[in-house]
Number of protein chains: 2
Amino acid sequence: MEEVAKVAGVSLATVSRALRTPEAVSPKLRTRIEEVSRRLGYAPNRIAGSLAGARTPLIGVIVPSLTNSFFAGTLEQMTTLFEAKGYQLMIGQHGYDTDREERIVAAFASWNPSALVVTGRAHTRNTLNTLSSSACPVVEMWDHGERPLDSGIGFSNRAAGKLAARFFAEQGIAKAAFVGAILDKDDRARARAEGFRQEFLHLTRFEPLIVTANNRELGEGGSALKRVLGQQPETSAIAFSGDMLAVGAMFEADRIGLSIPGDLKILGYGDLDIARNTNPRLTTIRPPHNAIGEAVVRHVLERLEAPDTPSVNLDLGVKLILRETV
Amino acid sequence: MEEVAKVAGVSLATVSRALRTPEAVSPKLRTRIEEVSRRLGYAPNRIAGSLAGARTPLIGVIVPSLTNSFFAGTLEQMTTLFEAKGYQLMIGQHGYDTDREERIVAAFASWNPSALVVTGRAHTRNTLNTLSSSACPVVEMWDHGERPLDSGIGFSNRAAGKLAARFFAEQGIAKAAFVGAILDKDDRARARAEGFRQEFLHLTRFEPLIVTANNRELGEGGSALKRVLGQQPETSAIAFSGDMLAVGAMFEADRIGLSIPGDLKILGYGDLDIARNTNPRLTTIRPPHNAIGEAVVRHVLERLEAPDTPSVNLDLGVKLILRETV
DNA sequence: CTGTTAGCGCGTTCAA
DNA sequence: TTGAACGCGCTAACAG
């Protein structure tokens with residue numbers, strides 16, 4: 001910056017102003033400075049800028065997994081939208097480990113970002129402390145519940161589970177099952193499983209079978225199907241915690257000669273691209289993935305532009321996408 | 001920090017040392033300072049630390065897309081490995097737009113990170129300038145070619161395309177096609193397409209049909225199949241630039257009553273989880289996804305620990321995974 | 001091993 | 001509209 005100032009024949013302060021708040025500098029100086037700094041390939045040091053300015057154009061976002069297409073989609077969307085406003089995303093990933101989340105939140109907070117976005121509502125006490133003592137807007141996304149720490153934008157996973165149960169119950173199904181990936185770690189999947197169980201029991205008086213899959217990938221769907229059929233052979237409908245598991249089960253059903261939906265009804269969750277293309281096409285529950293990303297960005301930007309904007313707590317709801325597997 | 005120093009009865013420098021280089025402080029002071037800073041909930045300001053220390057525990061990684069499972073996988077792996085060494089990933093995503101890449105690289109460089117990792121070998125002149133004038137190790141990953149800017153870790157996509165062509169040619173196929181997603185933007189897919197075309201022509205004297213898909217998703221695989229069959233009805237083998245497209249084509253083939261591999265042979269690329277589970281199981285080419293992530297991390301850490309470590313240019317190769325669709 | 005001191009590169013007052 | 005000066009919070013020399 002010193003060099004730019006020297007070449008342009010102005011002071012450091014003027015260079016800073018020309019680049020940061022151009023309207024506060026006379027047009028001729030401004031263009032000269034801009035020209036010089038371009039010619040010299042000057043790139044301001046953001047570290048110094050942030051230290052002096054006490055604000056960082058950084059937004060911390062923490063998700064459980066980058067390979068989960070929901071979070072990847074939300075992140076891709078948020079990256080693009082925030083980038084357009086000059087903010088940079090710091091992305092963290094904790095693999096459904098709340099202790100790791102704690103460390104990541106602490107690390108992010110120490111960059112004092114403009115906003116912090118975390119996934120879900122289950123955090124350690126320390127995470128909560130760090131989050132609430134950081135002087136920026138905090139959004140808990142992908143989950144809806146009472147009293148978020150600051151703002152909450154998501155939907156009720158429990159309600160999504162209930163929706164599935166109600167749908168099965170209305171079809172007169174008695175023997176149902178829910179297959180969920182890593183239910184011990186993924187609170188959202190667990191909430192869906194619990195909602196399903198509770199509502200199905202309530203409506204039909206039958207206890208559904210709950211089976212845990214070891215991951216959310218296709219192959220596990222096939223083995224989970226075998227386990228379900230082993231434990232409860234008369235099962236006539238299965239809800240899955242993810243479309244990939246459901247599709248894996250469809251492939252397996254095909255292999256063992258089970259027809260869908262005749263012999264077995266299958267309900268997915270996620271409405272991934274694949275759900276529209278299987279044979280038969282997969283009936284599934286669609287979470288508001290895009291709406292979440294957009295709402296988070298919109299809300300954060302509002303808070304940043306008008307700091308007195310109040311927090312929100314939004315339930316964006318889910319939708320049943322009726323296709324051919326039920 | 002001042003408060004911690006006061007309460008612990010030491011100077012600022014000692015607090016800094018106790019937290020940064022504990023071995024340089026006497027055990028009793030160290031424990032006292034650690035205890036006080038924990039009690040006070042002191043979190044060092046990384047911005048200030050980086051400005052003073054002239055090093056940032058930040059590694060910039062730029063990929064074309066977060067929703068592409070390859071990059072997501074590599075990122076997930078790199079996040080975990082780097083985090084264990086105290087580095088934080090800054091993740092950028094440019095959507096196959098080199099101008100956007102240019103802006104992201106510039107933004108990242110201005111945080112002066114410990115290392116910069118970009119995807120591929122095609123960059124704008126400005127990107128190249130920024131990259132080479134940044135004082136940190138630079139890795140171009142996922143692509144292999146001559147003379148990387150600094151280090152290169154990947155494989156030859158052209159060779160992957162040739163492998164597919166050779167495989168088809170050996171089966172005595174005359175009418176083949178290559179379906180690639182957004183070939184106009186994705187240089188790696190284009191390199192595979194070109195390698196395929198060149199080698200197939202060379203070995204069989206037949207020009208293969210090259211078809212561009214609009215995205216890399218399943219639905220497009222189905223429509224691409226229809227287009228291929230429309231333009232070249234006798235096609236007996238198709239290579240795809242991604243497994244998802246291939247699976248979409250398999251679903252569509254099923255719908256129109258084409259048997260695989262009898263009527264049509266299908267070759268994927270990626271060896272995603274789904275490839276092991278379709279009926280029939282998908283024959284595919286596996287890029288060294290995990291090896292890339294590991295090699296990048298290992299190399300960067302070496303360079304960071306021993307700055308005189310030389311650059312590398314690694315070709316990690318691909319592998320044909322023989323299953324049932326060819 | 002510990003304290004004192006001098007910046008790191010910039011944004012932002014305050015005067016001019 | 002511009003320039004001089006200060007300080008953001010910390011680390012790294014240096015001296016003790």
Side-chain angles (χ1 to χ4, degrees), chain A residues 1-34 36-37 40-58 86 88 106-114 133-136, chain B residues 1-34 36-37 40-58 86 88 106-114 133-136:
Chain A
M1 192 162 125
E2 204 174 313
E3 206 180 323
V4 174
K6 201 173 298 168
V7 174
V10 295
S11 72
L12 292 174
T14 307
V15 175
S16 174
R17 273 190 292 252
L19 268 27
R20 203 67 35 200
T21 49
E23 66 280 7
V25 171
S26 68
K28 54 185 322 178
L29 263 194
R30 183 193 336 174
T31 49
R32 182 155 94 228
I33 293 170
E34 276 164 358
V36 170
S37 72
L40 263 43
Y42 167 66
N45 179 330
R46 290 220 170 257
I47 309 253
S50 302
L51 183 58
R55 321 181 348 169
T56 323
L58 239 32
Q88 188 117 73
F108 279 19
S110 71
W111 286 98
N112 55 77
S114 292
S133 64
S134 74
C136 65
Chain B
M1 190 160 127
E2 203 173 315
E3 207 180 322
V4 174
K6 202 173 298 170
V7 174
V10 295
S11 72
L12 290 176
T14 306
V15 176
S16 174
R17 273 191 294 254
L19 267 28
R20 201 73 30 203
T21 49
E23 66 280 7
V25 171
S26 69
K28 55 185 321 178
L29 264 194
R30 183 191 339 173
T31 48
R32 183 154 94 231
I33 293 170
E34 277 163 358
V36 170
S37 71
L40 263 44
Y42 167 66
N45 179 331
R46 287 218 171 259
I47 309 253
S50 303
L51 183 58
R55 323 178 347 168
T56 323
L58 238 34
Q88 188 116 72
F108 279 18
S110 71
W111 286 97
N112 55 77
S114 290
S133 64
S134 74
C136 66

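The figures here come from the full heavy-atom set of this structure, side chains too, leaving out hydrogens, waters and symmetry mates.
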Which nucleotide sits closest to the side chain of [X]: [options]?
{"X": "B:Met1", "options": "C:dT12, C:dG9, D:dT11", "result": "D:dT11"}
{"X": "A:Ala48", "options": "C:dC10, D:dC10, C:dG3", "result": "C:dC10"}
{"X": "A:Arg17", "options": "C:dT12, C:dT2, C:dG7", "result": "C:dT12"}
{"X": "B:Ala52", "options": "D:dT11, D:dT2, D:dG3", "result": "D:dT11"}

Please find the pair of heavy atoms, one from [X] and one from [Y], that lie closest to each other, and give the distance.
{"X": "A:Tyr42", "Y": "A:Leu19", "answer": "CE2-CD2, 3.5 Å"}
{"X": "A:Val36", "Y": "A:Ala8", "answer": "CG2-CB, 4.1 Å"}
{"X": "B:Pro57", "Y": "B:Gly86", "answer": "CB-O, 3.7 Å"}

task: Could you check A:Ile33, A:Val15, A:Leu40 and say which one makes a side chain to side chain contact (heavy atoms under 4.5 Å, CB included) with A:Val7?
output: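 Exactly one option meets the side chain to side chain contact (heavy atoms under 4.5 Å, CB included) with A:Val7, and it is A:Leu40.
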
Below 4.0 angstrom from OP1 or OP2 of [N], is there any side-chain N or O of [X]?
{"X": "B:Tyr42", "N": "D:dG9", "answer": "no"}
{"X": "B:Ser26", "N": "C:dT2", "answer": "yes"}
{"X": "B:Ser11", "N": "C:dT4", "answer": "no"}

To the nearest Å, how far apart are [X] [atom1] and [N] [atom2]?
{"X": "B:Arg46", "N": "D:dC8", "atom1": "CZ", "atom2": "C1'", "answer": "18 Å"}
{"X": "A:Arg55", "N": "D:dC8", "atom1": "CZ", "atom2": "C1'", "answer": "15 Å"}
{"X": "A:Glu2", "N": "C:dG9", "atom1": "CD", "atom2": "P", "answer": "9 Å"}
{"X": "B:Leu51", "N": "C:dC8", "atom1": "CG", "atom2": "C1'", "answer": "4 Å"}
{"X": "B:Leu12", "N": "D:dC14", "atom1": "CG", "atom2": "P", "answer": "20 Å"}
{"X": "A:Leu29", "N": "D:dG3", "atom1": "CG", "atom2": "P", "answer": "7 Å"}
{"X": "B:Arg32", "N": "C:dC1", "atom1": "CZ", "atom2": "P", "answer": "15 Å"}
{"X": "B:Arg20", "N": "C:dC1", "atom1": "CZ", "atom2": "P", "answer": "19 Å"}

query: Would you say the side-chain atoms of B:Ser16 pair up with the backbone N or O of B:Leu12, donor to acceptor, closer than 3.5 Å?
result: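 Side chain of B:Ser16 to backbone of B:Leu12, a donor-acceptor pair under 3.5 Å: no, none is there.
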
- prompt: Checking all strands, does A:Ser16 fall into the base, sugar-phosphate, or nothing category for heavy-atom contacts under 4.0 angstrom?
  reply: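 Touches a base.
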
- request: Just call it for A:Ile47: base, sugar-phosphate, or nothing, with non-hydrogen atoms closer than 4.0 Å on any strand.
  value: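 A:Ile47: no heavy atom of the nucleic acid under 4.0 Å.
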
